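For the numbers below, each heavy atom of this structure counts, side chains included, while hydrogens, waters and symmetry mates do not. Everything numeric here is computed off the predicted structure, so don't read it as measured data. Numbered from 1 within each chain, the chains take letters A, B, ... in sequence-line order.
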2 protein chains.
Amino acid sequence: MARPREFDEAAVLDAAIRQFWLHGYEATSVRDLADEMGIAGASLYNAFGDKRALFERSLNHYLDQTFRERIRRLEHSLPPRDAIVAFLQEIIKRSLNDKQRLGCLLVNSALEIAPHDEELRQIVATFLREVESFFLRCVTSGQHDGTIPKAQSAEDLARLLSGVLLGIRVLARARPDRKLLEGLVRPVFALLDNAVPAKRLRKARRGAS
Amino acid sequence: MARPREFDEAAVLDAAIRQFWLHGYEATSVRDLADEMGIAGASLYNAFGDKRALFERSLNHYLDQTFRERIRRLEHSLPPRDAIVAFLQEIIKRSLNDKQRLGCLLVNSALEIAPHDEELRQIVATFLREVESFFLRCVTSGQHDGTIPKAQSAEDLARLLSGVLLGIRVLARARPDRKLLEGLVRPVFALLDNAVPAKRLRKARRGAS
DNA sequence: TGCAATATAGAACAAACGATCTAAAATGAA
DNA sequence: TTCATTTTAGATCGTTTGTTCTATATTGCA
């Protein structure tokens, strides 16, 4: 047949993700990309098409590696309410440890390019629905087994959780402050608690641990 | 002395805001800016310094015109809890009417350039604290007069409201969906309601209106 | 009415941009 | 071994970028 690729596609995609993540789409040049990916410009165009197509591949790869992995892992290992709490706490932890202020590539993309590119907007929108339906499954299941109160509809709680998730990521980009982020989610977790007043709950938690 | 300016500084700043808002910082060229502002490139550099300095002026002008105006208006005309509700509803309304998907220049900036420019990050962070302290004043005052429950600390509620505000703006950029945004804030408003179960509250509201 | 000072329009600058071309290298099937 | 096919590195394409220069116009003060 023909000469085979010399590079590992997944590895160079990871490098591309890192560049787009670090500088954003517009501020990343094709030369930066090729250098960091360790391939020549021509190879990049040959293998991925153009800059925009490479970005689309990178974003999809990122969503698979990062978000979908987290959803799978938490949903299969924890009871529904705990999965929600763990999800948000993991996001907070990542935001606080993010010394380079990368933020979240999904959120960054949702703002920088989704509004100017209908196809990418669809990808972002579809994935955001995917996250929301993870929250919805958790809330519905928690309301069934009695660990989450039914005062608010499962749909609205899932919507709120999506919004809070994105809000944390934006806020953390400018103010990576532990008190701020942990305080932000406290009232949300209270909404997921079974109608137990906050004071009694704190006392109960201290007793348990 | 010397020859006077031929353009109105506030007017050309508005045009600059529109360009940065529409395309983002990186994707807006100085030629685009000068054309839309109706001045020559040299005049732009003479009057504002460089592209980055013009952006800083634009952002500050935007924050004054849009956000600070809204905070002043609502805080002086409405009781605290209503001011919070009106603030979020106004953001939702703007997001749904935003045919050009401009989003919010503050949120866009917080993600595109704040992480790469320490001085602009400070401006964004300081303003975000300003918004949070508006929410804090409202919640504290509402908790005092009994219109907002004290189950959650005023600080945490203000933090949550900030996060929800940003979350709405990001979500709306990719999914400008009324059900999503209005559903998102419903549980938040419930947190601000005086421990009245949702069912009784809906009934009471129907009776009142 | 000069004169210093600033604003203007438009050309010009080097550098960087996304993308492509050229020619050599590497492969498996015939 | 030949050949069609693909990948590679590096030069190169025409644009566009942010910024500055040149030359002219316009002002208030002396």
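- One axis for each end of the helix from C/dG2-D/dC29 to C/dA30-D/dT1, each built from five base pairs, and the angle between them comes to 0° at 10° resolution.
- Between the CG atom of A/Leu54 and the C1' atom of C/dA19 there is a distance of 14 Å, given to the nearest Å.
- Between the CZ atom of A/Phe48 and the C1' atom of D/dT7 there is a distance of 13 Å, rounded to whole Å.
- With sequence neighbours left out, the side-chain hydrogen bond (donor to acceptor under 3.5 Å, both in side chains) criterion links A/Glu182 to A/Arg178.
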Which donor-acceptor pairs under 3.5 Å do the side chains of residues 10-26 of chain B make with protein atoms, sequence neighbours left out?
| residue | atom | partner | partner atom | Å |
| --- | --- | --- | --- | --- |
| B/Trp21 | NE1 | B/Leu102 | O | 3.4 |
| B/Trp21 | NE1 | B/Gly103 | O | 3.0 |
| B/Tyr25 | OH | B/Arg52 | N | 3.4 |

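- Sorted pairs that involve residues 93-112 of chain B and meet salt bridge (charged side-chain N to carboxylate O under 4.0 Å, His left out), not counting sequence neighbours, are lacking altogether.
- Here A/Asp8 pairs with nothing under the side-chain hydrogen bond (donor to acceptor under 3.5 Å, both in side chains) rule; sequence neighbours left out.
- Screening residues 163-176 of chain A for side-chain hydrogen bond (donor to acceptor under 3.5 Å, both in side chains), with sequence neighbours left out, gives A/Ser95-A/Arg169, A/Asn108-A/Arg173, A/Arg175-B/Glu132.
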Inset, instruction - Give the B/S/- string for nucleotides 8-18 of chain C, one per nucleotide from 5' to 3', where a protein heavy atom under 4.0 Å of the base yields B, of only the sugar-phosphate yields S, and otherwise -. - result: SBB-B----BB

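- A salt bridge (charged side-chain N to carboxylate O under 4.0 Å, His left out) check over residues 61-76 of chain A, counting only residues at least two apart or in different chains, returns the pairs A/Asp64-A/Arg68, A/Arg68-A/Glu130, A/Glu69-A/Arg73, A/Arg70-A/Glu90, A/Arg73-A/Glu90, A/Glu75-A/Arg137.
- Residue pairs meeting the salt bridge (charged side-chain N to carboxylate O under 4.0 Å, His left out) criterion with at least one member in residues 34-49 of chain B: none, sequence neighbours excluded.
- A salt bridge is absent between B/Arg159 and B/Glu155: the closest approach of a Lys/Arg side-chain nitrogen to an acidic carboxylate oxygen does not fall below 4.0 angstrom.
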